[in-house]
Protein chains: 2
Amino acid sequence: MAGNNKTPTMLDVARLANVSSMTVSRAFKRDASVGKETRERILKAADELGYVLDSTAANLSSRKTGFVAVTIPSINNANFADTLRGMSQRLRGSGLEILLGYTDYSVDEEERLIEQFLRRRPEAIVVTGGTHTDRCRKLLEHSGVPVVETWDLPAKPIGHVVGFSNAEAAKLMVDHFVERGYTRLGFIGGDTSRDTRGLDRRRGFLEAVKARGLDSSRLIASGPPPITMREGAASMREMIARWPDTQAVMCVSDLSAFGALTECQRKGIRVPEDIAIGGFGAYDLAEHAVPAITTIDASAKAIGTHAADTVLSLLSNPESTDVRMVTRITPKIIARQTT
Amino acid sequence: MAGNNKTPTMLDVARLANVSSMTVSRAFKRDASVGKETRERILKAADELGYVLDSTAANLSSRKTGFVAVTIPSINNANFADTLRGMSQRLRGSGLEILLGYTDYSVDEEERLIEQFLRRRPEAIVVTGGTHTDRCRKLLEHSGVPVVETWDLPAKPIGHVVGFSNAEAAKLMVDHFVERGYTRLGFIGGDTSRDTRGLDRRRGFLEAVKARGLDSSRLIASGPPPITMREGAASMREMIARWPDTQAVMCVSDLSAFGALTECQRKGIRVPEDIAIGGFGAYDLAEHAVPAITTIDASAKAIGTHAADTVLSLLSNPESTDVRMVTRITPKIIARQTT
DNA sequence: TTGAAAGCGTTACCAA
DNA sequence: TTGGTAACGCTTTCAA
């Protein structure tokens with residue numbers, strides 16, 4: 001019946017089922033030792049009262065919240081969404097839930113978020129990237145729970161890592177372009193310190209281009225993240241205006257690469273005949289676009305499953321407090337635009 | 001120093017700062033009445049000990065968790081991501097945090113999720129859609145907190161609503177097509193009961209087509225959600241094969257519309273000269289694609305901000321327990337492909 | 001398999 | 001502005 005003026009507690013259930021509240025508590029656990037008949041009676045009583053376990057109290061008592069705090073830069077990003085999907089798929093059934101926050105590509109926002117999350121006493125923390133404010137680092141280091149940094153290979157990791165070198169990954173694209181015979185290469189995006197992964201890709205591109213003695217000046221800034229199709233298109237416009245003889249362009253992500261592609265299409269520039277375009281992230285979009293866009297697959301979803309595995313492994317081996325787990329992903333190029 | 005073997009509590013801070021734990025508690029609230037100097041001393045002490053407030057205990061004591069439980073069908077969907085963004089932007093600074101779960105377009109999964117979430121004692125619940133299992137409805141009705149259904153206009157809402165009629169929205173596209181002079185119209189997707197919003201769009205399309213006496217047989221099923229570019233492309237292939245003289249096709253979402261577009265491009269079919277394509281959702285993708293895709297804007301982000309406003313309004317007026325707030329969004333067509 | 005008692009770390013409430 | 005005390009609803013621990 002509706003109209004109860006108070007949410008029932010275990011004690012209410014216990015009284016109705018003629019047991020102690022302790023037995024009710026046990027009845028709500030899978031493995032607990034409760035008489036079959038007793039349990040049924042209890043669950044029936046609970047149902048009758050509309051009782052719902054209060055994990056807020058359970059958390060306090062058991063000092064376990066079942067939370068894994070996760071921060072990602074942006075929710076509107078297929079790559080991070082994939083990582084998240086991988087993580088929550090792997091976490092399903094483990095009793096762990098994700099407490100999600102997004103930083104909007106800001107380390108200050110990340111600090112604020114982590115500080116908030118820490119109050120909730122998560123059992124593990126998964127963050128994106130290896131760059132944080134000093135205070136945030138300190139908070140994470142002293143959190144007392146496993147910390148996993150993802151999507152990067154930090155020089156001085158806080159705890160555990162599931163990631164790859166964005167600089168190395170970008171070099172794959174330069175290799176690919178050079179193999180195709182392109183020598184005048186440009187890069188779009190990755191110009192702001194807010195997106196350290198983008199910055200690393202740009203750096204990797206530059207290093208590879210310089211190592212081959214090619215022109216390393218063809219860089220277009222796209223401004224602060226998130227870099228969308230719009231910025232990709234605008235940057236391509238600028239690229240063509242400034243260096244009309246550019247043969248191939250790498251974009252910081254598939255989203256901007258698609259924007260760049262559409263800009264070419266509007267201008268009647270043929271891709272890849274007049275100019276080839278590469279992106280990053282292996283978005284569906286890159287596969288389906290006509291022409292398809294060459295890209296680099298960093299296994300976004302696998303990053304999530306590995307991060308989850310790391311957490312699960314660490315939490316089930318509470319002894320291993322001085323272990324550092326590093327899972328290194330190997331990005332692969334997906335060559336398209338085969339003229 | 002690292003090496004504390006126990007996380008400090010308020011009492012530890014209190015002792016160090018020479019106050020009662022009650023005063024420490026106050027010092028951690030914005031508005032509380034604490035002497036300026038006292039507060040500083042307390043915060044300094046807290047910092048020294050590396051104290052972090054335990055909201056797990058605070059939640060239990062105050063019976064407030066600061067959680068808003070939110071369920072969306074999929075995380076990899078720009079529309080729901082936008083709604084989420086709108087919601088969290090509006091919630092920022094309110095002291096409310098989002099507890100996010102995704103249902104994978106399954107009402108059973110939704111039920112499981114809601115049941116889990118209810119244990120965490122959220123202060124409000126925001127769900128996507130108006131279709132739920134019976135048990136889930138019951139759980140929500142008895143939750144004792146505001147419930148907001150979004151992205152739909154349920155006939156019998158559980159509590160509050162921020163949404164629109166998907167069927168009405170789809171009719172806008174039929175109107176648009178007919179105005180353009182198209183009479184042989186097709187629809188792609190929306191064929192599965194798992195995506196009730198898609199189903200509604202398809203229904204709206206059919207009703208509008210029939211009302212005008214047009215051929216209402218040109219329907220292609222895309223299978224269970226999420227409907228991606230791939231399904232859009234495959235469906236378009238089938239549409240063309242079965243009804244080669246189709247003049248315009250509406251797709252259940254912009255994602256599948258883009259897939260359909262690329263299929264045409266690969267086949268050398270001109271869009272919109274040979275066949276026009278419309279989508280749903282006002283994705284960036286629809287705007288940037290070449291040619292751009294006609295779409296329907298349901299103000300995904302505004303749904304989020306309104307849902308947040310609804311929650312905030314309800315929580316700040318605890319008296320208004322018998323109020324029902326319904327915010328009706330008016331979808332608008334964004335006409336493109338102007339030949 | 002079941003129960004009793006003692007917290008878990010905070011805030012509500014009342015008093016000073 | 002500050003402090004004391006009693007919850008908050010559960011689980012841990014120990015006993016039966």
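When reading the values below, keep in mind they use all heavy atoms of this one structure, side chains included, and skip hydrogens, waters and symmetry mates. By convention in this document, chain letters (A, B, ...) are assigned in the order of the sequence lines, proteins followed by strands, and residues within each chain are numbered from 1.
- Taking 4.0 Å as the cutoff to heavy atoms of chain B, we find the contact window on DNA chain D bounded by D:dT1 to D:dG9.
- Atom-to-atom distance recorded for A:Lys138:NZ and A:Ile158:CD1 is 12.0 Å, nearest 0.5 angstrom.
- In terms of heavy-atom proximity, B:Glu97 sits nearest to A:Phe117 at OE1-CE2, 3.5 Å.
- Formation of a donor-acceptor pair under 3.5 Å by the A:Thr23 side chain with backbone atoms of A:Val19 is not found in this model.
- In this structure, B:Arg119 is not positioned above the aromatic face of A:Phe28 in the sense of NZ or CZ being under 6.0 Å from the six-membered ring centre and within 45° of the axis.
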Do nucleotides 7-16 of chain C as a string where each nucleotide becomes B, S or -: B if the base has a protein heavy atom under 4.0 Å, S if just the sugar-phosphate does, - if no protein is that close. BBBBBBB---
Would B:Ser143 and B:Ile125 count as a side-chain contact (heavy atoms from CB on, under 4.5 Å) if you check the C-alpha gap in whole Å, the side-chain angles of each, and the deciding distance to 0.1 Å? CA-CA 9 Å; B:Ser143 68; B:Ile125 303 173; 4.2 Å; yes
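- In this structure, B:Thr38 reaches the sugar-phosphate backbone alone: every heavy-atom distance under 4.0 Å involves primed, P, OP1 or OP2 atoms, never a base.
- Under the side chain to side chain contact (heavy atoms under 4.5 Å, CB included) rule, A:Thr103 has a single partner from A:Val127, A:Leu113, A:Asp108, which is A:Leu113.
- Although no hydrogens or angles enter the test, the distance criterion places a donor-acceptor pair under 3.5 Å between the side chain of A:Ser316 and the main chain of A:Leu312.
- Counting only N and O atoms by type, the side chains of A:Tyr102 and B:Ser88 include a donor and acceptor under 3.5 Å apart.
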